[in-house]
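Reminder, nothing fancy here: chain letters follow the sequence lines and each chain counts from 1. Remember, it's a predicted structure, so these values are computed and weren't measured experimentally.
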Amino acid sequence: MVTDAEERGLLGPGSRILEPTSGNTGIALAAICRSRGYHLTCVMPSNTSQERRQLLTLFGADIVDSPAQEGSNGSVRLAQQMAEDDPDVHMPFQYGNPANPRAHYETTAPEIIDDLPDVAAFVAGLGTGGTVTGAGRRLKAHNPDIKVYAAEPQYGDLVYGLRNLDEGYVPEVLDPDVLDSRIKVDSRKALAATRRLATVEGIFAGVSTGASLAVAIRVCSRLPVGSKVVALSPDGGWKYLSTGAYDAGDVDELSSDLENTLWA
Amino acid sequence: MASVRIPTVLRKHTNGESRLAADGVTVREVFDHIVASHPGLGDSLFEGQDLRGFINVYVEDEDIRYLDGLSTAVDTSDEIAIMPAVAGGA
């Protein structure tokens with residue numbers, strides 16, 4: 001998204017960038033902005049983990065809090081307001097920027113096809129919808145029989161605390177027609193899958209990975225025996241340690257305690 | 001009876017209940033029953049015969065748009081979840 005904006009002449013030395021993020025896109029943007037000399041401000045729900053704030057701060061980004069109870073909807077709304085009042089700031093806007101799915105079309109999917117030309121199904125988490133839309137389109141161009149599944153985090157009730165349904169939001173970059181299904185995963189199932197991944201494979205992964213994996217396991221039963229399924233793992237578990245997600249104890253209890261902060 | 005999970009934004013129509021139980025062999029039948037007992041839900045869920053745009057409905061965690069829509073079959077032990085469409089974390 002940054003390279004695309006540079007190519008279109010929207011950024012120059014000292015430009016200011018503003019983006020709504022729950023942290024992860026923000027961290028990547030912050031690293032890029034730091035090295036290219038742009039100033040980044042992230043609008044983020046106030047309940048996001050300390051690690052993400054620390055990383056953003058390390059890279060010199062400013063953080064503006066949006067209300068926790070409004071989830072990412074609140075960050076989107078606040079960032080859009082701020083951008084409206086500040087015509088000189090550039091907002092990549094990952095939820096609506098075609099460069100987001102295009103990056104997955106041009107990089108994520110070709111990488112999968114190179115490594116696994118006979119992939120039968122692809123699973124990735126649903127945040128903006130950029131990964132499933134972009135990678136999914138390319139995979140289906142490679143082989144229309146490839147199934148594409150979105151793993152949708154089921155946030156805690158708090159995050160759905162809209163005042164009315166008209167405040168709902170569907171990201172523009174998500175193309176629902178690319179998907180073969182969309183399956184929600186609650187905190188308990190996602191955490192249980194991260195535990196299983198640690199136990200069986202020795203891999204320490206984040207909660208979105210757990211969600212993808214839970215869906216991958218579920219859809220295996222729909223595919224012919226021997227089918228190869230790719231579940232995308234966006235990150236390790238490091239940035240979520242302070243949430244308590246990996247503390248010792250019963251996954252059911254942990255997940256109900258964390259329901260409102262885990263995915264934030 | 002199937003169990004229907006009600007999001008916070010709609011609980012004003014269900015006396016604060018977060019779950020309703022209702023009979024029905026399809027999502028539409030179950031919804032007809034909960035709307036009959038809690039009429040306020042009708043306008044929130046439906047626009048004419050169709051679900052409203054910002055409403056996602058899941059049967060056993062799967063979005064019914066990718067199943068048979070409102071005609072999706074429901075088992076007595078199934079959970080139907082109604083969730084508002086919100087921006088995901090990213």
Using only atom types and a distance under 3.5 Å, with no angle test, would you say the side chain of A/Thr25 pairs donor to acceptor with the backbone of A/Thr21? no
Among residues 90-101 of chain A, those lying within the under-4.5 Å heavy-atom range of chain B are A/Gln94, A/Tyr95
Checking B/Ile6, B/Leu41, B/Val35 against B/His13 for side-chain contact (heavy atoms from CB on, under 4.5 Å), the one that qualifies is B/Leu41
Turns out that what part of A/Pro176 lies under 4.5 Å from chain B's heavy atoms comes down to both
Expected contact set for residues 70-90 of chain B against chain A at heavy-atom separation under 4.5 Å reads B/Glu79, B/Ala81, B/Met83, B/Pro84, B/Ala85, B/Val86, B/Ala87, B/Gly88, B/Gly89, B/Ala90
Checking the side chain of A/Thr48 only, and the main-chain atoms of A/Met44 only, is there a donor and an acceptor separated by less than 3.5 Å?
no
Turns out that what part of B/Leu67 lies under 4.5 Å from chain A's heavy atoms comes down to neither
ask   = Where the side chain of A/Ser255 meets the backbone of A/Val251, is there a donor-acceptor pair that is under 3.5 Å apart?
value = yes
Contacts of B/Phe54 meeting ring pair (Phe, Tyr, Trp, His ring centres under 6.0 Å) (sequence neighbours excluded), chain-then-number -> none
Pair B/Tyr58, A/Glu152 - check side chain to side chain donor-acceptor pair (under 3.5 Å), show working.
CA-CA 11 Å; B/Tyr58 306 79; A/Glu152 181 176 18; 2.4 Å; yes
Comparing A/Leu165, A/Asp186, A/Thr128 against chain B, the one with the most heavy-atom pairs below 4.5 Å turns out to be A/Leu165
So, the part of A/Leu179 with a heavy atom under 4.5 Å from chain B: the answer is both
Of A/Glu51, A/Gln50, A/Arg52, the one forming a side chain to side chain donor-acceptor pair (under 3.5 Å) with A/Ser242 is A/Glu51
One option among B/Asp63, B/Asp61, B/Leu10 has the most heavy-atom pairs under 4.5 Å with chain A, and it is B/Asp61
Q) Are any side-chain N or O atoms of A/Asp175 and backbone N or O atoms of A/Thr133, one a donor and one an acceptor, separated by less than 3.5 Å? A) no
Could you check B/Asn56 against A/Lys184 for side chain to side chain donor-acceptor pair (under 3.5 Å), going step by step and ending with a plain yes or no?
CA-CA 11 Å; B/Asn56 294 327; A/Lys184 73 178 170 65; over 6 Å; no
**Message:** Pair A/Ser187, A/Gln154 - check side chain to side chain donor-acceptor pair (under 3.5 Å), show working.
**Reply:** CA-CA 7 Å; A/Ser187 309; A/Gln154 180 180 319; over 6 Å; no
Honestly, the part of A/Val170 sitting under 4.5 Å from a heavy atom of chain B is both
* Asked: Do NZ/NE/NH1/NH2 and the carboxylate oxygens of A/Asp177 and A/Lys140 come within less than 4.0 Å?
  -> no
inquiry  = Within the 4.5 Å heavy-atom criterion, are A/Phe59 and A/Gln54 side-chain neighbours or not?
reply    = no
Ordered numerically, the heavy-atom neighbours of chain A under 4.5 Å found in residues 17-32 of chain B are none
Any side-chain heavy-atom pair from A/Arg102 and A/Asp4 closer than 4.5 angstrom? yes
*Within a strict 4.5 Å, meaning less than it, do heavy atoms of the A/Arg218 and A/Lys189 side chains meet?*
no
